[in-house]
Amino acid sequence: MADPSSYRPRPGEIPDSPGVYRFRDEHRRVIYVGKAKSLRQRLANYFQDLAGLHPRTRTMVTTAASVEWTVVSTEVEALQLEYSWIKEYDPRFNVKYRDDKSYPYLAVTMNEEYPRVQVMRGHKKKGVRYFGPYGHAWAIRDTVDLLLRVFPVRTCSAGVFKNAARTGRPCLLGYIGKCSAPCVGRVSEEEHRELAEEFSDFMAGRTGTYIRRLEKQMTDAAEEMEYERAARLRDDIDALKKAMEKSAVVLADATDADLIAVAEDELEAAVQIFHVRGGRVRGQRGWVTDKVEDVTTAALVEHALQQLYGEETGDSVPKEVLVPALPDPVEPVQQWLTDRRGANVSLRIPQRGDKKSLMETVARNAQQSLILHKTKRASDLTTRSRALEEISDALDLDSAPLRIECYDISHLQGDDVVASMVVFEDGLSRKSEYRRFQIKGFEGQDDVRSMHEVITRRFRRYLAEKEKTGEWADGDELSDLKDDEGRPKRFAYPPQLVVVDGGQPQVAAAKRALDELGIDDIAVCGLAKRLEEVWLPDDDDPVVLPRTSEGLYLLQRVRDEAHRFAITYQRAKRAKRFRASPLDDVPGLGETRKQALIKHFGSVKKLRSATIDQICEVPGIGRKTAETIAVALAQAAPAAPAVNTATGEIMEDMEDGTPGTTAGAPGEPVPAGAPDERRGQET
C-alpha cells in the first residue's frame with residue numbers, strides 16, 4: 001500500500017489550467033482518469049488527510065504510485081480527452097456503468113444492396129439505421145411481424161437469400177406476402193430500397209403519413225367496389241396501429257428527446273434512460289455503477305452522457321436531453337453534444353408539464369433498478385469488499401487481493417490437455433483478460449505437471465514484459481502497458497493472489513514454479529472441490545472457511561469460472577480434432593476452396609481417387625494447387641471406418657469431409673480412436 005505523499009507533486013508544479021490527469025499504480029497501469037477546470041485545485045483534493053477522503057478514493061490513492069496530467073485549451077477538449085482515455089485504459093477506479101446485458105436494436109442494413117431488417121446487438125455499424133434499444137428481442141420481432149404486412153422488406157440471412165436466388169424459389173415469407181422477394185426479381189433493387197426507406201421512416205415516428213395514405217387507398221377501393229383489396233388495406237391499417245400501440249404516446253408535441261434519471265445511495269447509483277422519438281417511447285435502457293468517490297448527481301449525469309453519446313453522431317444524438325441535474329459547468333458538455341450532433345442540442349431539467357411527469361416515471365424505474373441490483377449478491381460492493389477482507393485475513397495477506405487469477409486444468413482421459421486462466425478484479429470477473437493454454441511440455445494426464453507448466457509460462461511472460469517495459473529501472477517514462485500496435489499486453493499485470501483448482505499437490509506445483517522464477521510477492525492457494533478446503537504452500541493442514549463466509553463464496557465463484565472456461569476450450573479443441581480433414585494439411589487451401597472440392601466430388605474418398613485433371617475442373621483450383629492436393633491426399637492415411645459402439649458393427653465408410661459424430665445415444669457411430677464420453681470423464 002503506497003503513501004500518497006511519496007508521489008505528491010511539488011508545490012507550484014501542477015498548472016492552474018484545464019486538463020486531464022491519470023493515476024498509475026506501481027506497475028504503470030492507469031487506474032483512474034479525471035478532468036478538471038483547474039488541475040492544481042483538483043489534484044490537491046487527493047493529497048489531503050486520508051481520513052477525510054471517501055473510502056473508495058482512499059483506496060485509489062493508496063493503490064496509485066504516480067500521477068501525471070495533460071494540459072488542454074478548453075473544458076470541451078478536456079471532456080473529449082477524458083472520454084478517450086477512459087475507453088483506452090479502462091481504469092478500474094473510474095465510474096463504469098455496467099449493463100447486465102447487451103441491449104437489442106431493430107436494425108435496417110441500408111448499406112447492403114438489398115436492405116435487411118434484423119435484430120442487432122453490440123457495436124453500431126456504419127450505414128445501418130438503428131431503432132431502440134428494446135428491453136427484449138421478442139418485442140422487436142413482434143413489431144416487425146406486424147409491419148411486414150405493409151412494408152414487406154427482406155429479413156432473411158445472406159445464405160438464404162443467395163439460395164433462393166439460385167433456385168428461383170422464394171422462402172416462406174415470400175409466399176405468404178411478408179417479403180417482396182427481391183431474391184427472385186418480384187421487385188427491383190430500387191423498389192425494395194424504397195420499401196426499406198418507408199419502413200425506417202415509420203419506425204422513426206413519421207407514422208401519420210402512411211396511415212392517412214392507406215386510409216385513402218381503402219376508401220378508394222371501397223368506392224370502386226374492390227372489397228377484397230379494401231379489406232386487405234383495412235387489415236394493414238390495423239397492423240400499423242397495433243405496432244404504434246406497442247410504444248405509447250407520452251409527449252403530445254411529437255418531441256425527440258432522451259430522458260435520463262438517476263437513483264443513488266452512498267455506495268452505488270442506477271441510471272435509466274428513455275428514448276422518445278416522435279412523442280413515443282422507442283427504447284429504454286439502464287446501468288448501475290459503484291460510486292468510486294464522493295461523486296455528485298451532476299457528475300453521474302455527465303458520465304452517463306459520455307457513455308450514451310461518446311460513439312454517436314448525427315441524429316443518434318437527440319435535439320433535447322432532459323436530466324435531473326446539470327453538469328457543472330454545463331456549457332462544455334452542451335457544446336460537446338452539439339458538436340456530435342452537428343446541430344444545437346438542448347440540455348436542461350424539465351420544470352413542468354408532460355416532460356416533468358415522464359421524468360418522474362423514469363426516476364421510478366431507476367429507483368426500482370437500484371433496489372433490484374442491491375438484491376444481487378455478487379454485485380454488492382459491500383459484500384465484495386467483505387469477501388476480499390475475509391480472504392486477506394484467512395490467508396494472512398498484507399492487503400486485500402484486488403486482482404485474483406485462478407487456473408484450472410482440463411482434459412478427457414489425458415487427451416486435449418488444456419488450461420484456463422480467469423481474472424477477477426475487485427471481486428468481479430474481467431473477461432477481457434481471460435487466457436487459455438495448450439499443454440505443450442509433455443503428453444498424457446498429469447495435472448500437477450500441467451499446473452507447473454502453465455504457471456511457469458504465465459509468469460515467465462510477466463517477467464519478460466516487466467523487463468521489456470523497463471519497470472525495474474527507476475525513472476523510466478512509459479506511456480502504458482501496451483505493445484507497439486496499441487493492444488494491451490497479455491501478461492503485463494500481476495495478481496496479488498493465485499488460486500489453483502486442486503489441493504496440496506497443485507498448490508505445491510504452482511509455488512515451485514514461482515520460486516523457480518524468483519517471484520516471492522504473489523500469494524498462492526488452492527481450493528479443493530471435495531470439502532471446499534483452502535490449501536496453502538508448505539502447510540499440512542488446510543484452512544477451513546465457514547460455509548457462510550463471503551470469502552469462500554468468492555473463491556468458489558472464481559474456481560467455478562476457471563473450470564467453465566477450461567471445459568469450454570477443451571470441448572472446442574476436441575470438436576475441432578473430430579472435424580479434422582486431410583484437406584486441412586494442404587498449404588494455401590482455404591475454407592472456401594475446401595468446400596468447393598467437397599461439393600464437387602461429394603467426399604474426400606472420391607477426391608482421393610480423382611486425377612489431377614479432374615481436380616482442375618473445380619472452380620478456383622489451378623494445376624499447381626491440384627498437384628499439391630493430390631500429393632497431400634496420397635500421403636494421408638484414409639480415415640478408419642466408423643464403428644457402432646452398441647453392436648460393434650463396422651459401418652460403411654462415410655468419409656465425406658464433414659464433422660464426425662461423437663458418442664451419444666446407443667447405436668450412433670463413433671470415429672475409430674475417438675474417446676467414448678459414456679466411459680470417459682472430463683476434468
Side-chain angles (χ1 to χ4, degrees), residues 1-9 13-15 18-50 52-72 75 77-98 267-269 287 289-296 298-300 302-304 306-307 310 327 381 384-385 388 399-403 423 425-428 430 432-433 471 477-482 488 492-494 496:
M1 184 176 293
D3 182 0
S5 61
S6 64
Y7 62 88
R8 180 174 184 170
E13 191 175 49
I14 307 175
V20 183
Y21 54 91
R22 294 178 290 187
F23 280 89
R24 294 180 182 269
D25 65 9
E26 59 179 333
H27 303 287
R28 300 293 296 159
R29 190 181 193 184
V30 176
I31 61 172
Y32 186 75
V33 173
K35 64 174 178 59
K37 183 177 181 180
S38 170
L39 286 169
R40 181 178 300 170
Q41 294 179 13
R42 185 71 184 92
L43 287 176
N45 294 332
Y46 291 102
F47 297 102
Q48 56 179 288
D49 183 14
L50 290 177
L53 294 177
H54 185 276
R56 291 283 286 177
T57 306
R58 184 165 60 247
T59 303
M60 188 273 290
V61 297
T62 54
T63 302
S66 63
V67 62
E68 56 195 41
W69 54 85
T70 298
V71 176
V72 296
E75 293 178 64
E77 288 184 27
L79 184 70
Q80 293 172 334
L81 183 58
E82 179 194 34
Y83 174 75
S84 299
W85 278 357
I86 289 175
K87 294 290 286 184
E88 179 181 359
Y89 296 115
D90 190 21
R92 71 159 69 171
F93 286 102
N94 271 90
V95 170
K96 286 182 285 190
Y97 292 105
R98 300 188 301 273
L267 298 175
E268 293 175 306
W287 299 301
T289 182
D290 296 330
K291 297 178 74 171
V292 179
E293 52 185 331
D294 192 13
V295 62
T296 63
L300 289 171
E302 183 176 319
H303 288 297
Q306 287 180 312
Q307 180 90 356
L381 175 62
R384 296 201 317 268
S385 300
L388 293 174
S399 60
L402 293 179
R403 179 183 171 105
V423 179
E425 289 192 350
D426 291 345
L428 295 175
R430 196 174 181 89
S432 63
E433 299 197 17
E471 187 180 325
E477 186 59 36
L478 300 163
S479 59
D480 53 30
L481 294 174
K482 297 196 173 212
Y493 195 60
Q496 283 82 47

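The figures here come from the full heavy-atom set of this structure, side chains too, leaving out hydrogens, waters and symmetry mates.
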Which value, rounded to the nearest 0.5 Å, describes the distance between [X] atom [atom1] and [Y] atom [atom2]?
{"X": "F93", "Y": "L402", "atom1": "CZ", "atom2": "CG", "result": "6.0 Å"}
{"X": "R29", "Y": "R22", "atom1": "CZ", "atom2": "CZ", "result": "14.5 Å"}
{"X": "R403", "Y": "E433", "atom1": "CZ", "atom2": "CD", "result": "4.5 Å"}
{"X": "R42", "Y": "K35", "atom1": "CZ", "atom2": "NZ", "result": "9.5 Å"}
{"X": "E77", "Y": "T70", "atom1": "CD", "atom2": "OG1", "result": "11.5 Å"}
{"X": "D25", "Y": "T62", "atom1": "CG", "atom2": "OG1", "result": "11.5 Å"}

Problem set entry | The single option from W69, Y46, W85 passing side-chain hydrogen bond (donor to acceptor under 3.5 Å, both in side chains) against Y21 |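 Option passing the side-chain hydrogen bond (donor to acceptor under 3.5 Å, both in side chains) with Y21: Y46.
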
Problem set entry | Which residues share a side chain to side chain contact (heavy atoms under 4.5 Å, CB included) with R58, sequence neighbours left out |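 Here the qualifying residues are L50, L53, P55.
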
For this session: Using the test side chain to side chain contact (heavy atoms under 4.5 Å, CB included), find all partners of A298 that sit at least two apart in sequence or belong to another chain.
Result: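 Listed in chain order: T296, A325.
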
At their closest point, which heavy atom of [X] faces which heavy atom of [Y], and how far apart are they?
{"X": "L388", "Y": "G427", "value": "CD1-N, 4.3 Å"}
{"X": "F47", "Y": "P4", "value": "CE2-O, 3.5 Å"}
{"X": "A78", "Y": "G19", "value": "CB-O, 4.1 Å"}
{"X": "V33", "Y": "P91", "value": "CG2-CG, 3.8 Å"}
{"X": "A304", "Y": "W287", "value": "O-CZ3, 4.2 Å"}
{"X": "G34", "Y": "E82", "value": "CA-OE2, 3.9 Å"}

Exercise. Would a 4.5 Å heavy-atom cut-off, applied to side chains only, mark Y7 and V61 as touching?
Worked result: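 With C-beta onward as the side chain, the pair touches.
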
For this session: Kindly indicate whether the side chain of Q306, heavy atoms from C-beta on, has any atom under 4.5 Å from the side chain of L79.
Result: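 A side-chain contact exists here, since the closest heavy-atom pair is under 4.5 Å.
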
For this session: Kindly write out the residues that satisfy side chain to side chain donor-acceptor pair (under 3.5 Å) with S432, not counting sequence neighbours, or none if the list is empty.
Result: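 For S432, no residue satisfies side chain to side chain donor-acceptor pair (under 3.5 Å) once neighbours in sequence are set aside.
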
Exercise. Sub-3.5 Å donor-acceptor pair from the side chain of R40 to the main-chain atoms of I14, do we have one?
Worked result: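 Checking the backbone N and O of I14 against the side chain of R40, a donor-acceptor pair under 3.5 Å is found.
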
For this session: Go through the steps for V20 and Y83 under the test side-chain contact (heavy atoms from CB on, under 4.5 Å), then give the verdict.
Result: CA-CA 10 Å; V20 183; Y83 174 75; over 6 Å; no

